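Have a look at the structure below before the remarks.
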Amino acid sequence: MAARRLVVVSERPQNDDPDPTPDPADAFDDLVEAETDRDPDLAVIEAGSRTLRAQAGPPQGDQIPARPADPEVDRALRAVEEELGGRWGETKLDPSTARIAALMDILGSPQRAYPSIHITGTNGKTSTARMIEALLGAFDLRTGRYTSPHVQSVTERISLDGAPISAERFIETYRDIAPYVEMTDAQQEHRLSFFEVLTAMAYAAFADAPVDVAVVEVGMGGTWDATNVIDGDVAVITPISLDHTDRLGETPEQIAVEKSGIIKKDATVVLAQQPVEAASVMLKRAVEVDATVAREGMEFGVLSREVAVGGQMLTLRGLGGEYPEIFLPLHGAHQAHNAAVALAAVEAFFGIGAGHARTLDIDTIRTAFASVSSPGRMEVVRRSPTVVLDAAHNPGGARAAAETVTEAFGFSRLIGVVGASDDKDVRGVLEAFEPIFAEVVVTRNSSARAMDPDALAAVAVEIFGAERVQVEPRLDDALEAAITLAEEEGEYAGAGVLVTGSVITVGEARLLLGRN
């Protein structure tokens, strides 16, 4: 039975309202609290002339595991992390799948034990993977999800049924494959890397579970990425833009060549909106391997979206028909497009499209999308003032974040906290945020790849001017400085803080602000 819906009509004052009190939101929130106490599954909609509020209960699956409470388990996990950390890091690459293929062969090819959906692209991969996982789970399929990088704990990278595997299972999986990793190391010119071993662990854990379907996010590129020892029934390619240009190429076309390597014979390719030159490369690859192509804007897409409190309300066109009144508890047009891509991928997995015109059960689809979360992606972690985290780390992601924070929050004054990696296009990221940041506090995270704050500040001063840039080498000090600057606006002025620039920066800020 569909969830009961409560509709409340009211007008909310705009940020420039000279007298923001009394606020209709107070009465609305009191009503919601009373009604949801009686019915925890209540779906609430508030509509004003330009406002839609929808809430289908708290998003599920956004748990990020804390350190294990058991000291022995914590020590064992740290030992595994140390052993993995002693291998080649994710940024030191040898473009080959020879090592991971050799390990999979020794392990008995666990990646062949289940069908898979393979995801590449520049931005939106993790959020899209989470949406696909939620949709498949809603149809009673047991899922395995492999994504990277992690926000706070390495165990986040491997999920079963929508939740990160436990520390105990992570340790057990590593110990199970460790002898075979050593055997492979001895046979290869270079030892297996950190990412290759984690990928093998994911594939082994999925086979052991066992899962009905694996949702696998590429680490970097596609053709030679360690994940590419699977033959995905569905290949998903999210929007391509410039990132990792030293390894993937300096144009969208060159990057598309690498990423199109996940398109396998007889697969279905779900293609998000792409630069023309990138789309041409992918279509050519699909023809070469006799794959079926579904294109956003042609075979599927977003028909309408309306900003909602806590997310947005969507009408999506899938491969088999329309799906109206989809509440997505994530902000931004880019997440709406990710939702369309995820829906098409799941339809393709179920064989919808290519002459099979039918829709999936709409109530199941609504329930699944309403449960989606994506930690560190436009995530609110504090109020008064509002602090938002977003892991944008390249110009394309930064532009999407800037548009989203403006649309979803309407801050009167926004303070940025930026900590970036040294190998990123920090100038492009800062230029994307310049129009919306009143001031920016530059800092660094704990990663060895973090950009020196003074070097980052030098770039920021060129873009913002010295009077708008503050340097705080420690992230905790940077957060405190930004919150203080926002609080100077006063309680009702609508100032906020956006922490961004790196997944690592966002993860560490999340911990500092008390979120696990």
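Source: prediction; values computed, not measured.
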Residues E83, R191; criterion salt bridge (charged side-chain N to carboxylate O under 4.0 Å, His left out); working and verdict: CA-CA 12 Å; E83 290 176 31; R191 298 173 71 216; over 6 Å; no
Using atom types as modelled and distance alone, determine if a side-chain donor or acceptor of E379 lies under 3.5 Å from a backbone N or O of V506. no
Of all residues at least two apart in sequence or in a different chain, which pass the ring-ring contact (aromatic ring centres under 6.0 Å, His included) check with H331? F409
Would you call E439 and R413 a salt bridge, using N to O less than 4.0 angstrom? yes
Run the salt-bridge test on E196 and R87 with the 4.0 Å N-O cut-off and return the result as yes or no. no
Are R145 and T143 linked by a side-chain donor-acceptor pair shorter than 3.5 Å? no
Have E133 and S159 got a donor and an acceptor in their side chains that come within less than 3.5 Å? no
Please determine if E81 and R67 form a salt bridge, counting it only when a charged side-chain N lies under 4.0 Å from a carboxylate O. yes
Y146: which residues meet the ring-ring contact (aromatic ring centres under 6.0 Å, His included) condition with it, sequence neighbours left out? F195
What residues form a salt bridge (charged side-chain N to carboxylate O under 4.0 Å, His left out) with E462, not counting sequence neighbours? R427
Side-chain polar contacts of residues 452-461 - donor-acceptor pairs under 3.5 angstrom, sequence neighbours left out - could you list them?
| from | atom 1 | to | atom 2 | distance (Å) |
| --- | --- | --- | --- | --- |
| D452 | OD2 | D454 | N | 3.0 |
| D452 | OD2 | A455 | N | 3.2 |

With heavy-atom distances below 4.5 Å as the criterion, would you say the side chains of L389 and V151 are in contact? no
Partner set under side chain to side chain contact (heavy atoms under 4.5 Å, CB included) for T406, not counting sequence neighbours: I436
Tell me every residue that passes ring-ring contact (aromatic ring centres under 6.0 Å, His included) with F437, counting only those two or more places apart in sequence or in another chain. F433
